[in-house]
Amino acid sequence: MNPKKFRVIHYVNEFFGQEGGEEKADMQFLVKEGPVGPGLALQKILGDRGEVVATLICGDNYFAEHIDSAAEEGFNRISSYAPDILFAGPAFEAGRYGVSCGALCKKVHDELGIPAVTGMYEENPGVDIYRKDIQICKTDRSAAKMVQDITNMVTLGLKLLSDEEDTRLVSGENIGRPSEYGYFPRGIVRNEFVEKTTAERLVDMLVAKLKGEPFVSEAQMPEPVDITPASPIKEMGSAEIALISDGGLVPKGNPDGFKMRANLVWAGYDVEKLFPDGAGPGEFEIMHPGYYTVHVLDDPSRLVPVDVMRDLEREGVIGRLHPLFYSTTGNAGIHKRCQEMGQEIAEELKEKGIQGALLTST
Amino acid sequence: MGIEKAGIPVVNITAITSVSKVVGLSRILQGLSVSNVLGNEKLAKDKERSLRKTYVMRALDILQENIDTQQVFTLEGVE
């Protein structure tokens, strides 16, 4: 008897869907028959086990700027194909793409009850947002090993679709272990029959720990995130406010050497020099490939609102606009360094006696 | 977040609030679009500047608001 050939839908963004680059990030949903771009690799890896019946394509901005309605729209575009499974991406480290893949997978899984698998690099913001809802395979930062990454996604997807008795839960969902199938742990606890009792396993682990030997914890403590908000400003009329942005706006020549991705540097720049009052945009450039920069190049106040802050200072709404603007490039950042930069900027703000800040992000 | 820890209030203005939320920022204001966070290129320059001023004033209001947990704000209110 021939095993069923699964009907597969593949979701990709404007770039992987071969529609264009950042200038196409606003494009709306488009459906193409059959596989497109990395979908060809997906089809090849699936072989006879599945057919990519259609590819759903959407611009990263269009999706990420209206996540809920876009997920709904995307779902509506593909539900009539009666898919057995959805593959999205892989999105690697691309944040908007990862968030879009995660949202679409969650929507399709919730509505149709079918498996929805995507792939992301561990620092992709989509991982923390959606890991509990859907299966996200771990990928590399870049598309360098895409075939391997897609292979992992397919392996997991087929596992989720399989009828294997030993892994079926009461709910009917087949779940392989995260470590085995290379996806991010979802925080799901599943009963498993093992030979040793809890007490025995606990003692084994404790003995190993005391001996300095390696052991694997069965439960992971979530890392507490300290989110005590800072106190509000009492006297705005006398407060000094600083502008900060991760949009990569720098003086022409990029004197501090911001990198386009995985940037490690921040700097404070003289507001008067970069945004001369009433004399049009100063000499600046943008070191950030992750968004369509044409609007900010045309008017940098769209990113760093110096124009209106000057108005508000003149009107006495704020005490003073801090004379330095703090800039960095927040694209595919390295988590640890980003945290450090935040602390360094905080120390600078404190030293300069700044009472509050506006951080604009692209 | 480092800035919050230092006790200085900060408002993150962004189009993609879900990322700011998961990072754990406290005061988040929904911006307009990714490539034009505090603007709208379809508007005439003076109207756009006016719109930007509205957003910035909202952000300054948020800096003066006492909150005890993460909050995503919009121009009109809260999410």
Side-chain angles (χ1 to χ4, degrees), chain A residues 22 25-26 60-61 64-65 67 95-96 99 103 125 128-129 225-234 236 239 241 244 247 291-296 298-299 301-305 307-309 311-312 317-318 339-347 349-350 354-362, chain B residues 1-43 45-46 48-71 79:
Chain A
E22 269 304 321
D26 294 309
D60 277 341
N61 282 347
E65 286 173 12
I67 293 177
R96 286 163 299 159
V99 168
D128 280 339
I129 301 172
V225 176
D226 180 1
I227 51 163
T228 315
S231 295
I233 297 177
K234 296 235 152 48
M236 185 59 82
I241 309 292
I244 314 175
Y291 70 99
Y292 187 42
T293 54
V294 88
H295 306 309
V296 177
D298 181 38
D299 181 358
S301 277
R302 286 165 168 160
L303 177 68
V304 187
D307 58 356
V308 309
M309 287 296 275
D311 284 349
L312 294 167
V317 173
I318 62 168
Q339 280 186 316
E340 284 169 8
M341 286 201 278
Q343 273 158 9
E344 288 164 13
I345 294 175
E347 271 156 33
L349 297 182
K350 234 179 161 180
I354 290 161
Q355 276 100 16
L358 301 186
L359 165 63
T360 44
S361 299
T362 54
Chain B
M1 269 184 74
I3 300 172
E4 293 262 24
K5 279 199 184 143
I8 300 172
V10 54
V11 177
N12 178 214
I13 310 171
T14 175
I16 309 184
T17 56
S18 54
V19 173
S20 305
K21 270 162 91 169
V22 83
V23 163
L25 300 179
S26 300
R27 294 176 170 89
I28 303 167
L29 172 59
Q30 173 75 58
L32 284 148
S33 69
V34 167
S35 50
N36 196 343
V37 166
L38 285 169
N40 183 343
E41 63 281 3
K42 299 193 180 93
L43 297 175
K45 290 277 179 179
D46 59 337
E48 193 190 12
R49 185 166 170 154
S50 211
L51 179 64
R52 176 154 53 252
K53 196 163 180 178
T54 316
Y55 269 85
V56 170
M57 289 187 67
R58 180 81 177 110
L60 295 175
D61 280 345
I62 295 166
L63 281 175
Q64 298 174 82
E65 209 172 305
N66 195 19
I67 57 164
D68 51 16
T69 184
Q70 180 180 74
Q71 184 71 64
E79 202 179 66

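Quick caveat: nothing in here was measured; it's all calculated off a predicted structure. Each chain gets a letter, A, B and so on, in the order the sequences are listed, and its residues count up from 1.
- No side-chain heavy atom of A:Leu358 sits less than 4.5 Å from a side-chain heavy atom of B:Val10.
- Partners of B:Glu48 by salt bridge (charged side-chain N to carboxylate O under 4.0 Å, His left out), not counting sequence neighbours, listed by chain and number: A:Arg302.
- When the candidates B:Ala6, B:Ser20, B:Gly39, B:Ala15 are compared by the number of heavy-atom contacts under 4.5 Å with chain A, B:Ala6 comes out ahead.
- The candidate from A:Gly356, A:Ala239, A:Ala103, A:Gly247 with the greatest count of non-hydrogen atom pairs under 4.5 Å with chain B is A:Gly356.
- The backbone N or O of B:Val34 lies less than 3.5 Å from a partner atom in the side chain of A:Glu65, making a donor-acceptor pair.
- One distance of note links OG of B:Ser33 with OH of A:Tyr292; it measures 12.0 Å at 0.5 Å rounding.
- Of the possible polar contacts, one joining the B:Arg27 side chain to the A:Ala230 backbone as a donor-acceptor pair under 3.5 Å is found.
- Using a 4.5 Å cut-off between heavy atoms, A:Gln339 makes no contact with chain B at all.
- Summarising the geometry, atom OG belonging to A:Ser231 is positioned 13.5 Å from atom CD belonging to B:Gln64; distances are rounded to the nearest 0.5 Å.
- In this structure, the portion of B:Glu65 lying under 4.5 Å from any heavy atom of chain A is its backbone and not its side chain.
- Contact check for B:Lys53 versus A:Val317: no side-chain heavy atoms found under the 4.5 Å cut-off.
- Side-chain contact annotation: B:Asn12 with A:Ser361, donor-acceptor N/O pair under 3.5 Å present.
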Show your reasoning for whether side-chain contact (heavy atoms from CB on, under 4.5 Å) applies to B:Asn36 and A:Asp299.
-> CA-CA 10 Å; B:Asn36 196 343; A:Asp299 181 358; over 6 Å; no
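- For the residue pair A:Ala357 and B:Leu63, the shortest heavy atom distance occurs at O-CD2, 4.0 Å.
- With a threshold of 4.5 angstrom between heavy atoms, A:Met309 approaches chain B through side-chain atoms but not through N, CA, C or O.
- Atom CG of B:Asp61 and atom CE of A:Met236 lie 7.5 Å apart (nearest 0.5 Å).
- To the nearest 0.5 Å, atoms CD1 (B:Ile8) and CD1 (A:Ile233) are separated by 9.5 Å.
- Closest approach of B:Ser35 and A:Val296 over heavy atoms only: O-CG2, 3.7 Å.
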Could you please spell out the steps behind the salt bridge (charged side-chain N to carboxylate O under 4.0 Å, His left out) verdict for B:Arg49 and A:Asp311?
-> CA-CA 11 Å; B:Arg49 185 166 170 154; A:Asp311 284 349; 3.2 Å; yes
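- Looking at A:Leu312, the atoms closer than 4.5 Å to chain B (heavy atoms on both sides) all sit in the side chain, from C-beta outward.
- Looking only at heavy-atom pairs under 4.5 Å with chain B, the residue among A:Ile129, A:Asp128, A:Asp307, A:Thr362 that has the most is A:Asp307.
- Applying the side chain to side chain donor-acceptor pair (under 3.5 Å) rule to A:Glu347 yields no partners; only residues at least two apart in sequence or on another chain are considered.
- The candidate from A:Gly342, A:Ala25, A:Ser301 with the greatest count of non-hydrogen atom pairs under 4.5 Å with chain B is A:Ser301.
- Separation of atoms CG (A:Leu359) and OG1 (B:Thr14) is listed at 8.5 Å; rounding is to 0.5 Å.
- Under a cut-off of 6.0 angstrom, the local environment of NZ in B:Lys45 is crowded, with over 12 non-hydrogen atoms contributed by other residues, nucleotides or ligands.
- Heavy atoms of B:Lys21 lying under 4.5 Å from chain A are absent altogether.
- Of the inter-residue distances, the one linking A:Ile67 atom CD1 with B:Ser18 atom OG reads 3.5 Å to the nearest 0.5 angstrom.
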